[in-house]
Amino acid sequence: MIKAQRGTKDIFGEESFLWQHILSNAQTVFQNAGFGEIKTPIFEATELFARGVGDSTDIVNKEMYTFSIGGADKSASSITLRPENTAGVVRAYIEHNISRQSPPQKFWYFGPMFRYERPQAGRQRQFNQVGVEMFGVEKASADAEVILSAVEFLKSLGLDNLSVELNSLGCKKCKNDYRENIKKVLAPYIADMCDDCKMRYEKNPLRILDCKNEDCQKILEKDEIKEIILKDYICEDCKTHFDELIEYLDELNIKYSINKLLVRGLDYYNRTVFEIKSEKLGSQSAVCGGGRYDGLVEMLGGPSTPAIGFAMGVERLCALIDNLEAPKLDYFIVSNNTKEAIKLASKLRNENKKVEFDYQSRKFAKQLEKASKSAKYAIILGEDEIEKGFYSVKNLENGEQKTISNFDDLI
RNA sequence: GCGCCUGUCGUCAAGUGGUCAAGACCUCGGAUUGUGGUUCCGAUAUGCAUGGGUUCGAAUCCCAUCAGGCGCCCCA
């Protein structure tokens, strides 16, 4: 038996209604907020992710689906199934000179991403993200708009009690100062840290801040280290930017908490970073992650452009929402004349009614049983009805049956 | 990639070395040849994730593989 690949999943039945619901809410909420949809290819040049996502990240180092593709002459090019969508959107932004349009340029997307990880609840190898990217505005109003969109979208799905966590990583300059300060103050304790943190110290020292290892936690509790962490290390401009964002959020009544230990893993983030979490998801608790990436467009060869966005895990959203029941049919046609039944079904479907009928001309009791499970009304189309030209319409909720002589009265 | 746990019908499960692998729901058929949602009756795993091994005998013990879950890691 051939089975679905590890970490992949078939979606059908009630779950697919939930997906349609999520997709249509995304469409409504984001498009109302002026985001246009963008669909970028599922695979891109490997180099795009290596440069865009960053080679200090696990995503690039060990989780990419990378293929060598090309002719027998080995003039192969390396392509990768996208592990996230920001790099692809930025590539498209540059390639189509979208920066020449008047800012802001705002996009939303929905689609599959691929990461080779150990599957777990809330974590698959092919998973879907829905997200937005907003280019061209450096002011905190853009940060507020993006966070607002995330919150509004979640609210539209009935998820209004999730916690928003915020932090500012600072800009290029103060981010580095902070990084150096952290390294300096942690240096005496390297030997006591867990193996992961020893690695992090070299590659991405800020990540040590959210290590869950007890020994590392103890080190972070030390006064001189705590002082560095809790101090407002970011520069004046970054601080002003962050304070402005907070004013917006207060004005919008969006609840948030500031988490100085929130450090996101992708290399491109600067200034504002945020996550939206749920306790109901176990260890994969982040439903939404995002932040500002003011340097990325330029780094990938475009003009210097401020930008901010977020991505949400669709499977994680699904886990938080109850499955939707299949919508009921308007009519189920009960008939032993399958030709008349399919003709009537076709006519009603053209009037935008949901209609089914029995394909096997089974006895009426069976057909009605099926009708009662799936439809609001049964149209009984037996020999009498066909001969005399009327419809017997039965309300399947209360059992009342009426005779209708005009097709138009069915609509 | 690491550690721990799990894997019996479409679903939920009983069974933990020795009769034909309980039961419930779903599905299908019948009681009821044109009237459902109640009730009653019947059908449906030579099979216990897959492949090996131990044994007179394995769903039950052992090994491997695959898949899922939890935690780590990472992230959405």
Side-chain angles (χ1 to χ4, degrees), chain A residues 1-9 12-13 53 56-63 83-86 109-131 150 194-197 199-200 203-204 207 210-214 216 262-266 269 273-278 281-291 309-320 332 334-337 358 360-375 377-386 392-401:
Chain A
M1 239 249 286
I2 299 173
K3 295 191 194 149
Q5 291 296 291
R6 184 165 208 198
T8 68
K9 199 180 170 204
F12 58 93
V53 179
S56 83
T57 62
D58 278 9
I59 294 179
V60 168
N61 282 313
K62 41 191 193 196
E63 298 174 2
E84 57 96 56
N85 208 29
T86 300
Y109 61 82
F110 186 112
M113 310 294 158
F114 304 83
R115 290 181 201 172
Y116 188 81
E117 295 181 272
R118 174 90 181 253
Q120 220 174 294
R123 186 211 266 171
Q124 287 175 252
R125 290 181 174 176
Q126 175 174 339
F127 62 102
N128 288 266
Q129 289 188 333
V130 55
C194 69
D195 291 347
D196 288 319
C197 282
M199 298 268 288
R200 289 178 181 129
K203 287 199 320 193
N204 194 349
R207 295 227 58 116
D210 53 17
C211 182
K212 291 175 194 108
N213 182 291
E214 274 182 32
C216 300
L262 174 62
V263 178
R264 297 195 49 75
L266 278 56
Y269 286 118
V273 289
F274 63 96
E275 277 185 8
I276 302 179
K277 291 184 180 171
S278 166
L281 287 173
S283 75
Q284 313 303 322
S285 63
V287 190
C288 173
F310 69 75
M312 299 194 195
V314 177
E315 285 79 1
R316 290 183 190 175
L317 291 175
C318 285
L320 293 174
F332 189 100
V334 173
S335 178
N336 283 328
N337 188 327
D358 188 84
Q360 296 168 99
S361 203
R362 293 183 299 177
K363 46 188 199 181
F364 275 32
K366 284 291 168 204
Q367 294 194 30
L368 228 15
E369 189 182 335
K370 176 119 180 169
S372 72
K373 284 175 187 161
S374 57
Y377 294 92
I379 297 179
I380 292 145
L381 195 62
E383 283 156 25
D384 284 0
E385 285 85 352
I386 293 167
S392 298
V393 177
K394 180 162 186 154
N395 181 327
L396 293 164
E397 242 150 58
N398 58 23
E400 278 173 29
Q401 188 164 324

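Lettering of chains follows the sequences in order, A, B, ..., and the numbering in each one begins at 1.
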Student: Taking 4.0 Å as the cut-off, does a side-chain nitrogen or oxygen of Gln120(A) come that near to OP1 or OP2 on G71(B)?
Tutor: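 So the side chain of Gln120(A) is within the cut-off, an N or O lying under 4.0 Å from OP1 or OP2 of G71(B).
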
Student: Any strand is fair game: report the nucleotide pairing with C48(B) by Watson-Crick or G-U wobble, both distances under 3.5 Å, or none.
Tutor: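 None - no nucleotide pairs with C48(B), as no candidate has both distances under 3.5 Å.
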
Student: With syn defined as a glycosidic torsion within 90 degrees of 0 and anti otherwise, which applies to G30(B)?
Tutor: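 What G30(B) shows is an anti base, its glycosidic angle lying more than 90° from 0.
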
Student: Who passes salt bridge (Lys or Arg N to Asp or Glu O under 4.0 Å) against Arg207(A), sequence neighbours left out?
Tutor: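 Testing Arg207(A) for salt bridge (Lys or Arg N to Asp or Glu O under 4.0 Å), a comparison that skips the adjacent residues, returns Asp210(A).
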
Student: Hey, could you give me each pair passing salt bridge (Lys or Arg N to Asp or Glu O under 4.0 Å) that has a residue in residues 109-119 of chain A? Not counting sequence neighbours.
Tutor: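 Listed once each, the pairs are Glu117(A)-Arg123(A).
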
Student: Ignoring backbone atoms, establish whether Arg207(A) has a side-chain N or O less than 4.0 Å from OP1 or OP2 of C75(B).
Tutor: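 Checking Arg207(A) against C75(B): at least one side-chain N or O falls below 4.0 Å of OP1 or OP2.
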
Student: Could you report the tightest heavy-atom contact between Asn85(A) and Gln129(A), atom names first, then the distance?
Tutor: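 Closest approach of Asn85(A) to Gln129(A): N-OE1, 4.3 Å.
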
Student: If you check the Glu117(A) side chain, which of G68(B), C74(B), A49(B) turns out closest?
Tutor: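 Of the options given, the side chain of Glu117(A) lies nearest C74(B).
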
Student: Sugar-phosphate atoms are those with a prime plus P, OP1 and OP2; base atoms are the rest. Using that split, label each nucleotide of nucleotides 31-42 of chain B B, S or - for protein heavy atoms under 4.0 Å, 5' to 3'.
Tutor: S--BBBB-----

Student: Which atoms of nucleotides 2-9 of chain B (N or O only) lie under 3.5 Å from a protein N or O atom, and what are those distances?
Tutor:
{"residue": "C2(B)", "atom": "N4", "partner": "Arg118(A)", "partner atom": "NH1", "Å": "3.0"}

Student: Sequence neighbours excluded, which residues qualify as side chain to side chain donor-acceptor pair (under 3.5 Å) partners of Thr8(A)?
Tutor: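 Residues passing side chain to side chain donor-acceptor pair (under 3.5 Å) with Thr8(A): none at all.
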
Student: Just N and O in the side chain of Arg6(A): are any of them under 4.0 Å from OP1 or OP2 of A67(B)?
Tutor: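 Checking A67(B) against Arg6(A), a side-chain N or O does come within under 4.0 Å of OP1 or OP2.
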
Student: Could you list the residues that satisfy side chain to side chain donor-acceptor pair (under 3.5 Å) with Gln124(A), not counting sequence neighbours?
Tutor: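 Side chain to side chain donor-acceptor pair (under 3.5 Å) check on Gln124(A) returns nothing, list empty.
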
Student: Which is more 5' along RNA chain B, the nucleotide nearest Gln284(A) or the one nearest Arg125(A)? Just name the residue.
Tutor: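 Its nearest nucleotide being more 5', the pick is Arg125(A).
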
